[in-house]
Amino acid sequence: MPQESSQQPKQQPHRVVLVVDENSNPFEMSCAIEVFGLRRPELGRELYDFRLCADGPVTRVRDGFFTLTGVAGLEAAEDADTLIVPNRPDTETPRSPRVLDAVRRAHARGARLVGFCSGAFTMAEAGILDGRRAACHWMWAESFRTRFPRVCLEPDVLFVDDGDILTASGSASALDLGLHIVRRDHGAEIANAVSRRLVFAAHRDGGQRQFVERPLPDVPDESLAPLLAWAQERLGEPLTVAGLAARAAVSPATLHRRFRAQLGTTPLAWLTGERVALACRLIERGEERLDVVAARSGLGTAANLRARVRRETGLSPSAYRRRFGPAAGEAVRT
């Protein structure tokens, strides 16, 4: 009698499918490919199974810069775990009925839907955003509200995570949302590894402003980069906004203005976000003592740690450990 294998079946990577439509914007396509499509041997496992698909054999991208050929047909969208819907600058032109049908079917069977920039228009045309929260580029906010009054558009944010529907506001925020999805799926440690390879900020909260003023710096250089790097090495210390301002040799008011202009957030919100990200990494690395995690990350108490981690990830620290801790990694590798 043959022995049963003690090994568990190999877990298949989460399948992400990007739908390309006529006049799609190539920048957001590239963001999706970069975040979800590249192989990452340094991580020791595949994060996603990524595919492109289109409604026809030849798809002309924005302004005819190039045409896309040789990708799968729309049938590839039928087994996507996450479907990235098309976006394009001509928001007034109706989307392909076949593409809208594919989006509706994906939503009906429980797939996660993602829209970059004007992708919210595609979802709204498909009729799946009524009563839901969404983001789109500030240029089209008024037009969107007029056409889709039943959608809860959140103005001036980078992205909106509404559970199974996620939308990003503009071109660059496609990377922010992509990394947010990686962090949600695989934890802070993996998201940081991906962001390092991108040479991109690992964490910008979705509630940050879309439009960030970036005036030409006076002399001396007013970049926050040296201060941020200094603070990231000392998150477990009792850092305060006043202390950061003193380190930068400016007043707290000036520091607030620089954070708003360069990062679109406040010093305290940035500091809290960095501390939560560090706490998540410590949990992923196997630290089980919540008081130790709270102290090393600068969050102070286990109660504050629980509240902050739940607010950021939607999970308690123990649930986060079960999902992203060392034991979870071993389960994936078996």
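This chain uses plain numbering: 1 for the first residue, then up along the sequence.
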As an exercise, state the distance from [atom1] of [X] to [atom2] of [Y], rounded to the nearest 0.5 Å.
{"X": "R306", "Y": "L315", "atom1": "CZ", "atom2": "CG", "value": "14.5 Å"}
{"X": "F159", "Y": "D176", "atom1": "CZ", "atom2": "CG", "value": "6.5 Å"}
{"X": "N23", "Y": "T93", "atom1": "CG", "atom2": "OG1", "value": "8.0 Å"}
{"X": "E154", "Y": "D162", "atom1": "CD", "atom2": "CG", "value": "8.0 Å"}
{"X": "H180", "Y": "S173", "atom1": "NE2", "atom2": "OG", "value": "12.5 Å"}
{"X": "L227", "Y": "R258", "atom1": "CG", "atom2": "CZ", "value": "9.5 Å"}

Could you see if [X] belongs to whatever hydrophobic cluster contains [Y]? Use Ile, Leu, Val, Met, Phe, Trp, Tyr and a side-chain cutoff under 4.5 Å.
{"X": "L38", "Y": "V71", "value": "no"}
{"X": "I181", "Y": "L43", "value": "yes"}
{"X": "V19", "Y": "F27", "value": "no"}
{"X": "L175", "Y": "I33", "value": "yes"}
{"X": "V292", "Y": "I283", "value": "no"}

Check this for me: does any side-chain nitrogen of one of [X] and [Y] sit under 4.0 Å from a carboxylate oxygen of the other?
{"X": "R147", "Y": "E125", "result": "yes"}
{"X": "D185", "Y": "R112", "result": "yes"}
{"X": "R133", "Y": "D161", "result": "no"}
{"X": "D79", "Y": "R51", "result": "no"}
{"X": "E312", "Y": "R310", "result": "no"}

Margin query: Counting neighbours of CZ on R289 that are heavy atoms of other residues, nucleotides or ligands and sit closer than 6.0 Å, is the number greater than 12?
Written below: no
Check: More than 12 foreign heavy atoms under 6.0 Å from CZ of R109: is that the case here?
Finding: yes
What I'd like to find out is whether the side chain of [X] reaches to under 4.5 Å of the side chain of [Y], using heavy atoms alone.
{"X": "V17", "Y": "F50", "answer": "no"}
{"X": "P57", "Y": "T69", "answer": "no"}
{"X": "L177", "Y": "L158", "answer": "no"}
{"X": "E22", "Y": "T59", "answer": "yes"}
{"X": "L179", "Y": "V194", "answer": "yes"}
{"X": "T67", "Y": "V61", "answer": "no"}
{"X": "F116", "Y": "I84", "answer": "yes"}
{"X": "L100", "Y": "R104", "answer": "yes"}

Notebook entry, point to check: After noting the C-alpha distance and the side-chain angles of S297 and E274, does the key distance pass the side-chain hydrogen bond (donor to acceptor under 3.5 Å, both in side chains) rule?
Noted result: CA-CA 8 Å; S297 64; E274 291 296 311; over 6 Å; no
Check: Pick one: which of R88, R95, R98 meets salt bridge (Lys or Arg N to Asp or Glu O under 4.0 Å) with D21?
Finding: R88
Donor-acceptor pair, [X] side chain versus [Y] backbone, under 3.5 Å?
{"X": "R308", "Y": "R275", "result": "no"}
{"X": "T254", "Y": "V250", "result": "no"}
{"X": "E284", "Y": "A188", "result": "yes"}
{"X": "R234", "Y": "W230", "result": "yes"}
{"X": "S118", "Y": "F121", "result": "no"}
{"X": "S169", "Y": "H137", "result": "no"}
{"X": "N304", "Y": "L299", "result": "yes"}
{"X": "R321", "Y": "E288", "result": "yes"}
{"X": "S24", "Y": "V20", "result": "no"}
{"X": "T167", "Y": "A134", "result": "no"}

Margin query: Apply side chain to side chain contact (heavy atoms under 4.5 Å, CB included) to residues T313 and R323 and explain how you reach the verdict.
Written below: CA-CA 11 Å; T313 69; R323 182 168 177 181; over 6 Å; no
Mind listing the closest non-hydrogen atom pair of [X] and [Y] along with its distance?
{"X": "I190", "Y": "V182", "answer": "CG2-CG1, 4.0 Å"}
{"X": "V241", "Y": "H256", "answer": "CG1-NE2, 4.0 Å"}
{"X": "P86", "Y": "T122", "answer": "O-OG1, 2.7 Å"}
{"X": "P89", "Y": "W140", "answer": "O-CZ2, 3.6 Å"}
{"X": "V85", "Y": "G119", "answer": "CG2-O, 3.6 Å"}
{"X": "A120", "Y": "C136", "answer": "CB-CB, 4.2 Å"}

Check: Do the two ring centres, one from Y48 and one from H186, sit under 6.0 Å apart?
Finding: yes
Margin query: side chain to side chain contact (heavy atoms under 4.5 Å, CB included) for T82 and R15? Distances and angles first, verdict last.
Written below: CA-CA 6 Å; T82 291; R15 174 162 289 184; over 6 Å; no
Margin query: Before you tell me yes or no, could you show the steps for R132 and D130 under side chain to side chain contact (heavy atoms under 4.5 Å, CB included), namely the whole-Å CA-CA distance, both residues' side-chain angles and the distance that decides it to 0.1 Å?
Written below: CA-CA 5 Å; R132 303 292 296 265; D130 286 0; over 6 Å; no
Next item on the list: Walk me through it: do C280 and Y320 pass the test side chain to side chain contact (heavy atoms under 4.5 Å, CB included)?
Entry: CA-CA 8 Å; C280 289; Y320 190 91; 3.4 Å; yes
Check: Could you go step by step and tell me if R296 and D291 meet the salt bridge (charged side-chain N to carboxylate O under 4.0 Å, His left out) rule?
Finding: CA-CA 9 Å; R296 290 181 60 186; D291 56 340; over 6 Å; no
Margin query: Does either side chain, that of E28 or that of N25, offer a donor lying less than 3.5 Å from an acceptor on the other one?
Written below: yes
